[in-house]
Amino acid sequence: MTLSDGRRRGHQQQQQQGSGGALRLALVVVAVAMLQVQVARADDTLNKLSDKVYQSIPLLDFCAMLLDSDGEVGCASSLSGNVGVLYSIQSDADLSFFIHSAERSPYSVVTTPAYFNLSIIEQLEATGKMNGLIILSDATRPTQSSHAPKCPNCKHGLYANTDAANYAWNPEGSGLTHRRFQYPIYWLGSTSAETIRNRALSNAPKSGVEPDYPLWAVEMNSFMYAGGDSNICLRRGSTWCEPLGSQSIWGSTRPIRSGDTYVLATAAIDALSLFHKQSFGAEADAAAVVALLAAADALAKEPTTITLPHNIMFMLLNGEKFDYTGSSAIANQIATGNFPSASKAFGFDDIKAVLDVEQIGLLDSATGPIYLHIDSNSTDPVAVANVASIVNAQVTATAGFAANIINNTATGLPPASLQAFLKESRGIPGVVVTDHGLTFNNKLYGTPFDDATLVNASDAATVNNICNVALAIANSLYALASDNSGSVPAMTVNCTFVQSLLTCLTVNEKCALFQQTGNNLPSNLPSRYVSVFRTNTIFAFIYALRDVLAVAVASDSQPSLSQKACNNAKLTYIAPGLCLNTTVAFIDALSPGFDFDNFAIKNQRWNLWAESVWGSDPSMNLFLRASYSSEVVIIVVGFIILGISIAVVWPVRQLIHKKYE
Amino acid sequence: MLSEADRLNICRKYKSTCSGFQRTASDRHHPLLEGLGYAPTCPRSNGVHFLAGFAALPWLHLINILWFFNEARRPGSNPLFKRYLLFSAVNIIVWIVALAVWIPIYQSNRASWGSFGDDISIVIPKGIA
């Protein structure tokens, strides 16, 4: 048979099948028409099959992946998501059953903040059955459980590689914020928590036996792109990870002049939590920020402040919870002669004293004591002792406070921004002011519970204490700036301001104090995680703090000037009616380890904290999971159906072909 | 004049005797070509660069072998067939050995090679070092 013969035969076949083709076409048209009618009649909102199978559960927050020069920290799921049967752990009996008898692996464990601690996490991980962790935020809050390390920021701090780096300033600390989890961890708000709690309880074992499949399960997807450490992910580019950083704020009581000498007062403005949108840090630093700003306000109102020998500069440092990002950036700039600007820079020798205000919101009593920590290994112990005694004298003369100077070689300074300055120049005379002695008073450091409940802005005693601490700081700064010559004039701290600002920082960013300076933030519980560095975006609350500081340190105001007239007069225009003679500025809080322009790693000596990039927002889908045996049955039946359909269709097709030949 | 079929046959035979360099006009007097009426040209090379082009396509060599195996086995076939197929077989074995060595080395060690490992990779897996 030649090629041409075959072609002739096919032609004949086509002609004979002409009538059959028309029939087939008619059948297809009818079938499509029927399908359209079906679709048009479906009137429920969940048209897609996936919507009938999966229910998307919104999350309040999740644990993201961070990287530093040592490796990865935080959580990530696998690329396709982590699937697990829900299992609720609300009691020790639940935990015990999970460890010994639970058989429906893998699980997504649902638990409460009280059970979210290191020992339980380690037990759960050791079972190998846990594929995801869900924390219900509406459960009872713990009273003492810190997620931060026992010695925060110590690994690369001033006392790195010495015994003091292992000292447990935070004995409740479990180090979860700096731990690598191989599964996702989600933080659920009350509505989602309700749903998940109910589903998990329906999976609970009854009389020691777990219910049969199908069981409620979730798929948790929070895949993180970065891996290795920050060196590796940053050399691959900003689509893999981005450096942490933000802006710090500084303001001084008088304009910057060349050759001037300074007294610095610092506080941190960022907070730490495993869940970045729950970084409230009320005791961790909101109270300190409030005290510092109130002190600035009191000092600026005293007319002789600007005549003192030393300029008083207030610094609100950002990124401090990540190995002192902001303070190391400024310390580096001072060391290279660039702070506050290249033309009017000052050096470490020009810094006559540093007052670093750390946690001060949880005083033991109305009279403190207030603890003043100093560095035992300073290269200028005389100057340090001098500064400490001046501050001591002022604190004890204020509001009946008791004060203790702590000079402890075994522990060193507590975690404080001063450590970053001392790393550059060990002779700086500095004092760290805290409400705690050798262990934190804050039992909830680095958790979402270091919040307005812990430091309550509506509590008169708390506000009063912070107000008095602010006065003690103001008096100390005055005495330091005057080289302790002469007496400190009587100053008053505005306690209403203290309460307002504390409310703004711990309860709601939409507050009168911010609005007065033209910062109309939306109603929001402020979370102050430092986040990734952006050159063109500054968080609204940072703008607001800068404006509050600007108003606080202003020496003069010209309320009647318009914005244009104000700028022409070389003054600072904040809001209508607020044209101020004030010296305030932003400064980037970005680790000097990064090259500013393209985030290439420049110097391993500085911290290299970066946050991983992720694709779509982390999500959680709830569905009913069938047993493995039923899945096997389904696929086998599918193959059988395939076999049957082939066995039926093939001979029929052969028959038809023969018939039409 | 020769018939079309005969001209085709002569062309094929002529081309199969080409070996490496271009024939010139003087070859118009080749005994094979008397009566052809024109001078067929050799392919610009006898397939050396043709082969080189295929050197980096191991699957193509495998297809080459499978497709032409029966043709090459027949006694009357072009001797070049056998040569090409032998080259293809060698090529495939070389590629299999090379890849079997390189792929495990690359997969195990890419992470430890640092930036060199990233530079030689087109797609870097996300989520791991």
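So you know, we letter chains A, B, ... as the sequences are listed, proteins then strands, and number each from 1.
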Once you round to the nearest 0.5 Å, how far does [atom1] of [X] lie from [atom2] of [Y]?
| X | Y | atom1 | atom2 | value |
| --- | --- | --- | --- | --- |
| A:Ile232 | B:Ile128 | CD1 | CD1 | 10.5 Å |
| B:Ser115 | A:Arg236 | OG | CZ | 10.0 Å |
| A:Cys233 | B:Lys126 | SG | NZ | 12.5 Å |

Near [X] [atom1], under 6.0 Å, is it more than 12 heavy atoms from other residues, nucleotides or ligands?
| X | atom1 | result |
| --- | --- | --- |
| A:Asn161 | CG | no |
| B:Trp113 | CH2 | yes |
| B:Tyr106 | OH | yes |
| B:Trp102 | CH2 | yes |

Heavy-atom closest contact (A:Gly228 atom, B:Ala129 atom, distance)
CA-CB, 3.6 Å
Tell me, for [X] versus chain B, whether the close heavy atoms (under 4.5 Å) come from the side chain, the backbone, both or neither.
| X | answer |
| --- | --- |
| A:Tyr225 | both |
| A:Ala226 | backbone |
| A:Trp614 | neither |

For B:Asp118, is there any backbone N or O sitting under 3.5 Å from a side-chain donor or acceptor partner on A:Arg235?
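No, the answer is negative, given that no donor and acceptor are paired below the 3.5 Å cut-off.
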